[in-house]
Amino acid sequence: MKLRLLFLLVAVAAASAAQALVQEDSVIARLEPKKVAHAPAAATLVPLSENWRMDGDIPVHALLISLQGLANRDQPRLYLEYPTHWQWEIVRPLIGFLEKRHGVKFNRLGVNDAETALALYVKHAKGVVVWDGSVRSSLIVAFTVAGVEDLVVITADQLPLAAKHGLPVVVDLRGKFAGKTDAQIYQWAYDQYFERCSRDYYVVMGGHAGAEMQPGVADFGIRQRAFFTDLSSNPKHPEELALLNKILGRQNVPSIVLGWHSYAKDTEGQHTTLVGNYGLIMEGLHNLPNVSFTSQIPLTPDFKFTNNHTVKLGESRAAEKKVYIAAVATDAMGIGTWTKPGRGKIPYTWQVLMNWAWMNPPALQYFYEDKSPNDHFIGGLSGPGYMYPKAIPADKWPALTAVGRDLMKRLDLRILEIMDYSEGNRHVGNTDLPKAVVDRYYDQYPDATGFINGYGSARTFDLRGGRPLLSYDYYLSIERPVEEAAADLEELIQLNPQRPYFLLMHVRESNTVEKVADMLGRLSESVEVVPLDVFLQLAAGAKTYRTYHQQPTDAVDHNP
Amino acid sequence: MRPFRHLLLLFLLVPAAFAADPALAGRWRLDPARSTALDGWTAWDLVITADGSRLSLRHDMQWRYTKVTATNLVDTAAPATVKDFFRVEQRHMALYPAKGGTTTVRATWLDAGRTLRVEADTPIEISQGQANMRLYYEYRLIEGDQSLVLIELHSTRPQPLVYRFTRVTETK
């Protein structure tokens, strides 16, 4: 009997392990847009104007973005060249990359040329959905309708254009939502369309609010037949929150939440926490463009993801009695400073959005091939996508960490960055990790050589089996002048007297490498700027930081 | 002797007069354009009230939706012991008030009551454990008492932090 029981237990354990492995492959397989054999030889490129106002060029942009989602449904055909000041700055360099490395020849149309674009791709649409120019949210509903019904999104003014191309009005939202709240509007959309929408993609079409909208990610959402809203996760809006909970609760676990919270309704912390509660994966950029195009293009056959590892696996290094600094840019691959002067000047670490391995391969290939010898990549943020670990229920971790491990392996990443603003931010509450969460990272990312934590500064530190977990001691905001930032670092160096001192610095978004190099050059005490893998390796051998996990007495603010 | 006696009387009475109705009292709003860059906060009101020799230095801070109010109580008659002494610049650097730590604060009127000097020795939590920081503040009235300049020195920082405030009147 005992032997039989033992056999049963072993069998169950083996099955569980196999299940975990299956899950890891199957999750990405379920989510991943089908790849074409190779990038198209030719594609259409439409430049877009700078005006993203609702009463400006949004109507023509929405038309083109919806057409793009439909035209690119089975093949990449239409690429939109966003304006010079678009937040995702890689949109233009990527054109040259697609031409050079993938052999795509772009046929460039005129700025906002919907007429020609419709002539070329009208066959991919069954008609139009007319949004109500006086109700902003009707455009967000129209994006849902466009994906489900294969319709181009237009305003009343564009009806003649649609008629000219033989597109009938299939859904007309004009007048339907007058005087209704967003909760009522999206409830109507939910009742009408949700069952036919993807359970793997939901789009929060937020970010810019009010008079402006930047729906750069809508083409991909339409392609994936996602449900779109800009519902609030703020408890101050209970009706919107209730509907949002219902929507998120109906999505597959794990699945993707595209876009960004509405700047007018809730906070990043509230939104990311709620998404984490459901074990979903957030890809948080509402104006990330052209993913309906790039998501289908595979890596070139001659390319392999290769990181710059200064430390060999198993190698140990002894720290000297001095100050070591590592600079890490998190948001900066795409919306910050990659293309700005100074990159390559000093060792620098960049957090990679890991899901782009399958969602946006050309973009990641662009970064990996464009890196300098001083650029080092790490995974993040907290896992596959942007997530707060404290907000994710323990039972939802294995599916997410399986994806995270897989992606780190694919992308040649050995260090994982963690951030958690579910109980605070740079101003209130705490940004630390309790021991139970730290345990999970060590257990579920056994191949990671180390972890870093924070966004603003944080206090969580650990060291287990030669694998350190260090938090940021410094946050360099965009506005911080060089002389004040240098004084900040001097102060930290002064207050932390033991040597070696490991000063981990987070460099936010559009701070350039040049600025960081200038700042470091002003320090009185000699410091060594090192790649993050070297930094952690040295920190593993000289524990001058104290072990600390979040304590029950630490301040908590759930809705900063 | 009489003139000296008057002077002595004046010397004794003046601080009390300042404490009763200091010109520093009121709500002051940071002028960011004329101040050292303030990290992490978009707005800062300094609210100063007096009760005898005791002064309340309240900081109304804001960053987007996040609002924080923190008060340091000081006493010009005797050193005070303050729990959770508030420093404005403390979250972009890993320099936290030490848990359970207390800060000794000394406050003095200078310049015939137009300057308040505050000195504090505060324990700071750092990634290597704990350290102490000496802080020196001067709150100086300038420009017809409608402006206030706050100069802040740290024993650990190579340069001062200088913040300029404008008096907030009821109508503002």
Side-chain angles (χ1 to χ4, degrees), chain A residues 234 263 266-270 424-431 454 456-461 470-477 479-481 483-499 501-504 506 508 522-524 543-546 548 551 553-554 557 559-560, chain B residues 32-44 59-70 83-84 86-101 121-135 152-163:
Chain A
N234 191 333
Y263 295 145
D266 53 8
T267 67
E268 177 179 339
Q270 290 168 330
N425 59 18
R426 288 206 300 128
H427 315 275
V428 293
N430 78 85
T431 55
S457 62
R459 298 184 287 188
T460 308
F461 289 81
L470 267 56
S471 289
Y472 288 114
D473 257 14
Y474 188 64
Y475 169 90
L476 178 63
S477 73
E479 298 81 14
R480 197 73 176 153
E483 60 274 19
E484 288 304 326
D488 292 341
L489 295 186
E490 296 254 30
E491 187 156 31
L492 281 164
I493 290 168
Q494 180 80 17
L495 278 162
N496 285 274
Q498 291 187 69
R499 300 290 179 265
Y501 168 41
F502 298 101
L503 199 173
L504 184 61
H506 175 210
R508 177 145 192 261
R522 295 175 185 228
L523 301 179
S524 313
K543 192 174 178 298
T544 51
Y545 42 92
R546 60 55 182 125
Y548 185 88
Q551 300 298 305
T553 51
D554 285 348
D557 190 321
N559 296 296
Chain B
R34 299 170 68 211
S35 300
T36 300
L38 188 63
D39 189 78
W41 303 106
T42 47
W44 175 11
H59 307 80
D60 290 346
M61 314 300 299
Q62 188 170 351
W63 180 78
R64 296 186 186 170
Y65 298 106
T66 303
K67 292 182 179 178
V68 170
T69 291
K83 273 184 72 180
D84 301 324
F86 181 75
R87 289 178 300 111
V88 172
E89 298 282 345
Q90 58 186 20
R91 293 296 288 248
H92 68 290
M93 301 161 73
L95 302 176
Y96 303 89
K99 274 187 184 170
D121 296 306
T122 193
I124 303 284
E125 186 188 314
I126 54 172
S127 58
Q128 291 187 343
Q130 192 163 310
N132 286 302
M133 186 190 283
R134 272 187 301 106
L135 298 153
E152 179 177 335
L153 295 172
H154 298 181
S155 57
T156 47
R157 192 178 183 84
Q159 62 201 52
L161 303 160
V162 181
Y163 303 108

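Throughout, protein chains are lettered first and strands after them, A, B, ... in sequence-line order, and every chain is numbered starting at 1.
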Visitor: Determine the option with the most heavy-atom pairs under 4.5 angstrom with chain B, choosing from A:His427, A:Gln494, A:Arg546.
Guide: A:His427

Visitor: In terms of heavy-atom pairs under 4.5 Å, which option from A:His506, A:Gln551, A:Lys543, A:Arg459 contacts chain B the most?
Guide: A:Arg459

Visitor: Step by step, work out the side-chain hydrogen bond (donor to acceptor under 3.5 Å, both in side chains) result for B:Thr156 and A:Glu491.
Guide: CA-CA 5 Å; B:Thr156 47; A:Glu491 187 156 31; 2.8 Å; yes

Visitor: Who passes salt bridge (charged side-chain N to carboxylate O under 4.0 Å, His left out) against B:Asp121, sequence neighbours left out?
Guide: B:Arg106

Visitor: Quick one: do A:Glu479 and A:Arg508 make a salt bridge, cutoff under 4.0 Å?
Guide: no

Visitor: Taking side chain as everything from C-beta outward and backbone as N, CA, C, O, which of these in B:Glu125 sits under 4.5 Å from a heavy atom of chain A? Side chain, backbone, both or neither.
Guide: side chain

Visitor: Sort A:Tyr501 into side chain, backbone, both or neither according to what part of it lies under 4.5 angstrom from a heavy atom of chain B.
Guide: both

Visitor: Report yes if the side chains of B:Gln62 and B:Trp41 come closer than 4.5 Å at any heavy-atom pair, otherwise no.
Guide: no

Visitor: Contact part of B:Leu38 toward chain A, heavy-atom cut-off under 4.5 Å: side chain, backbone, both or neither?
Guide: backbone

Visitor: Can you tell me which of A:Gly454, A:Gly429, A:Ala486, A:Ser471 forms the most heavy-atom pairs within a distance under 4.5 Å of chain B?
Guide: A:Gly429

Visitor: Flag the pair A:Glu484 and B:Arg157 as a salt bridge only when some basic side-chain nitrogen lies within less than 4.0 angstrom of an acidic carboxylate oxygen.
Guide: yes

Visitor: For A:Ser524, give me all partners under side chain to side chain contact (heavy atoms under 4.5 Å, CB included), at least two apart in sequence or on another chain.
Guide: A:Glu490

Visitor: So, A:Ser457 versus A:Asp473: side-chain donor-acceptor pair below 3.5 Å or not?
Guide: no

Visitor: When only pairs under 4.5 Å are counted, which of B:Met133, B:Lys99, B:Gln130 shares the most heavy-atom pairs with chain A?
Guide: B:Lys99

Visitor: Looking at B:Ala131, B:Ala37, B:Gly40, which makes the most heavy-atom pairs under 4.5 Å with chain A?
Guide: B:Gly40

Visitor: Can you say whether A:Phe461 sits under 4.5 Å from chain B via the side chain, the backbone, both, or neither, judging by heavy atoms?
Guide: side chain

